[in-house]
Amino acid sequence: MDDTGHSTEAILESISDGVFTVDRDWRVVSFNRAAETITGITRDEAIGRRCSDVFHSSLCEVACPLRRTLEHGDPLIDQPCWFVDVTGERIPISVSTAVLRDTTGATIGGAETFRDLSELEHLRKELAGRGQIGDLITCSAAMRPVLQLLPAVAATPSTVLIHGETGTGKELVARAIHGASPRAAGPFVAINCGAFPDSLLESELFGHARGAFTGATNDRAGCFARADGGTLFLDEIGEVSPALQVRLLRVLQDRCVVPLGSDRPRRVDVRILTATNRDLAELTADGAFRDDLYYRVNVVRVDLPPLRDRREDIPLLAEHFVERFNSQHGRRVTGIAPHALQLLFAHTWPGNVRELENAIEHAFVLCGDGPIQPQHLPRELAAHSAPAPPLDDDLRGSRGAAEAAAIRAALERNQGNRLAAARELGVHKSTLFRRMHTLGITPPARDGRSRS
Amino acid sequence: MARPALMATVPEPANHLAIATWNGRIAPLFDVARHVDLYRVEAGTLCPAPPESFAADATAAERVQRLRARGATTLICGAISREAALLAEANGLALAAFHAGESHRLCTAWLTSALNDPALSMPGCGHGRRTRRRCHGRRFAHCDQQRRRPPCQDQTGPDPTAPGP
């Protein structure tokens with residue numbers, strides 16, 4: 001290779017845009033380092049393979065830019081599209097193409113460059129709506145799988161099991177699924193199965209006929225009948241007794257309910273969403289929960305992370321609750337003081353978002369119209385708080401602490417693998433390194449990539 | 001252990017194999033694939049059934065629902081987004097994803113339980129150290145095979161590499 005060839009190669013290796021070239025048979029001839037990083041496919045794996053097998057983009061089949069360029073000879077610039085990497089993640093990109101010619105001017109193939117727009121897209125979404133679906137408010141990477149899953153889940157009639165600790169917002173997720181589903185115009189009926197004794201729950205779920213028991217002076221429609229054409233949310237499904245589990249299973253299978261004291265089955269068209277904070281698989285193994293009912297409700301599972309795993313949401317949620325209580329109580333609380341926010345960050349939140357909501361409501365009682373100060377917060381927040389990194393006495397410090405918490409959590413979840421952590425956070429790895437340096441986060445001693 | 005009957009409103013007329021194709025090869029990306037070949041599985045052979053066509057912007061839910069309505073129990077495809085893969089598996093569609101090559105070779109490989117052949121896989125999944133790290137979870141059954149774990153141990157669906165009855 002001559003000097004020009006070497007310098008071209010060096011340039012291609014140093015740029016942050018992915019570049020690959022193909023021959024006239026659509027086989028990959030070269031694949032630069034950025035292309036390896038963005039696609040997750042090594043050069044050795046890519047070279048010699050068909051470009052569509054390596055770079056499976058949304059345009060390949062219907063509007064391949066490289067094909068258009070080779071057919072018409074015109075380069076294409078910044079075509080927006082997305083591709084799916086080997087983990088199944090959709091990566092937004094922009095693509096540009098050009099014809100490759102030899103020294104005589106004959107076409108020998110094509111070149112495609114692509115730019116990872118994940119970070120831009122993430123920022124755009126953050127500015128547009130902070131990843132809000134329904135009443136779910138989050139900017140956390142830990143919640144991203146949930147947000148990504150919800151539209152698809154909403155589109156199907158499948159039964160869903162929402163699993164999460166108490167106070168994580170299981171009903172909000174259920175309402176979000178209903179709201180985005182084709183049944184959104186129908187009723188949403190929620191019932192907490194753990195709040196009723198067995199006999200009452202049966203009547204609540206299936207309804208009763210007049211005279212079915214003492215005091216049943218009228219026919220009463222149950223939750224299934226009231227949710228007809230809509231969605232029924234069965235919260236704390238793990239608390240249902242074995243006897244009632246049998247009846248529930250039958251209704252889920254037949255989609256027919258028979259009210260207590262009646263012999264007339266009624267067909268219902270209801271989508272079932274369930275939730276629990278218990279490990280249903282374990283309950284099933286222990287015989288406390290029927291395995292056939294478990295498989296019936298665990299068709300699609302949504303796992304909600306606890307608040308301690310998404311601390312970066314704390315300022316956002318706290319701000320949301322302040323706005324809501326201001327509106328409800330006609331107050332003008334201006335926000336949360338940095339030291340109070342520091343306490344919120346340091347708390348372990350066993351009661352999750354509900355506990356945070358209660359803490360802000362508690363503070364509203366004690367504070368005036370200024371910002372919420374540490375002394376306005378419940379006493380246990382200070383008493384049970386884990387040590388927190390010091391915060392500057394300004395907004396930038398608070399934001400930095402939130403960012404640092406998010407980065408540390410992502411690194412921990414990915415066993416120190418910085419590339420994986422960057423992907424999870426939706427930023428480029430160089431951005432992650434820069435932020436780690438700025439925030440004084442020590443890189444893990446061992447990068448997760450080196451694990452066998 | 002009984003596999004849950006999913007999407008009760010969808011009939012399952014027969015056991016079908018679905019292959020997303022493009023110009024005689026596996027379509028690069030199932031999420032935007034426009035053509036799916038269907039085969040009725042009968043006594044260890046594949047009998048062609050009318051194919052299914054999709055608009056390029058059909059949602060993953062629409063795709064999965066229509067394939068299930070046609071009786072598809074296994075889907076062989078190229079790349080697939082996590083969202084679509086979850087949806088397929090949640091609706092009882094056994095998934096053999098990230099495959100590449102001519103569709104008739106994939107059919108033969110499926111019938112002879114030879115989908116593990118690296119020549120029939122898309123690059124980047126299932127061979128090296130980097131791949132094992134990336135292809136995690138049970139979402140992609142082909143990755144389970146590569147990790148020498150029997151696919152679908154959790155009974156969520158049939159083994160996508162095993163031929164039908």
Side-chain angles (χ1 to χ4, degrees), chain A residues 28 36 39-42 44-63 82-90 145 148-149 151-160 252-255 269 291-292 294-301 417 420 448-452, chain B residues 1-10 22-23 25-35 56 59-62 64-65 78-87 89-92 97-98 100-101 121-137 139-140 143 155-156:
Chain A
V28 175
E36 289 185 308
T39 61
I41 295 169
T42 65
D44 290 345
E45 289 170 322
I47 287 177
R49 301 294 299 259
R50 283 173 171 267
C51 59
S52 58
D53 290 345
V54 175
F55 190 67
H56 3 88
S57 88
S58 57
L59 295 180
C60 283
E61 216 175 290
V62 285
W82 49 272
F83 79 98
V84 167
D85 72 7
V86 292
T87 68
E89 190 172 348
R90 285 183 180 208
Q148 284 171 346
L149 187 61
V153 170
T156 72
S158 303
T159 304
V160 179
L252 293 183
Q253 280 171 341
D254 301 343
R255 302 283 161 173
D269 170 27
D291 58 356
D292 41 11
Y294 173 61
Y295 295 120
R296 182 64 73 173
V297 299
N298 190 27
V299 176
V300 180
R301 183 180 165 117
N417 184 334
R449 283 180 304 175
S450 60
R451 293 186 330 133
S452 60
Chain B
M1 198 183 299
R3 187 164 62 80
L6 307 168
M7 296 176 66
T9 54
V10 178
W22 176 52
N23 295 336
R25 295 177 59 84
I26 294 288
L29 182 54
F30 173 72
D31 300 56
V32 293
R34 306 195 64 171
H35 189 91
T59 65
E62 284 168 4
V64 169
Q65 282 186 19
I80 183 170
S81 68
R82 197 173 296 151
E83 178 186 284
L86 278 172
L87 206 57
E89 292 196 342
N91 285 292
F98 288 92
S121 291
M122 284 183 156
C125 190
H127 314 306
R129 176 180 61 80
R130 289 175 51 141
T131 303
R132 281 202 299 275
R133 198 180 71 244
R134 288 196 304 262
C135 299
H136 52 79
R139 292 168 182 161
F140 300 98
C143 293
Q155 308 279 321
T156 54

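Within every chain, numbering begins at 1; the chains are lettered A, B, ... in the order of the sequence lines, protein sequences first and strands thereafter.
Neither the backbone nor the side chain of Thr159(A) comes within contact range of chain B; no heavy atom of the residue lies under 4.5 Å from a heavy atom of that chain. Heavy atoms of Asp292(A) lying under 4.5 Å from chain B are absent altogether. Both the backbone and the side chain of Val54(A) come within contact range of chain B, each with at least one heavy atom under 4.5 Å from a heavy atom of that chain. Using a 4.5 Å cut-off between heavy atoms, Arg34(B) touches chain A through backbone and side chain atoms alike. Interface residue Ala33(B): backbone and side-chain heavy atoms are both found under 4.5 Å from chain A.
For the residue pair Ala100(B) and Arg49(A), the shortest heavy atom distance occurs at CB-NH2, 3.9 Å. Taking both residues in full, the closest heavy atoms of Phe98(B) and Asp85(A) are given as CZ-O, 3.6 Å, listed atom of the first, atom of the second, then distance. The two atoms that bring Glu61(A) and Ala27(B) nearest to each other are OE1-CB, 3.4 Å, heavy atoms only.
A heavy-atom distance below 4.5 Å is found between the side chains of Pro123(B) and Asp53(A). Side chains of Pro28(B) and Arg50(A) form no contact here, defined as non-hydrogen atoms less than 4.5 Å apart.
Atom OG of Ser58(A) is separated from atom CG of Leu29(B) by 7.0 Å, given to the nearest 0.5 angstrom. For the atom pair OG of Ser52(A) and CH2 of Trp22(B), the computed distance is 5.0 Å after rounding to the nearest 0.5 Å.
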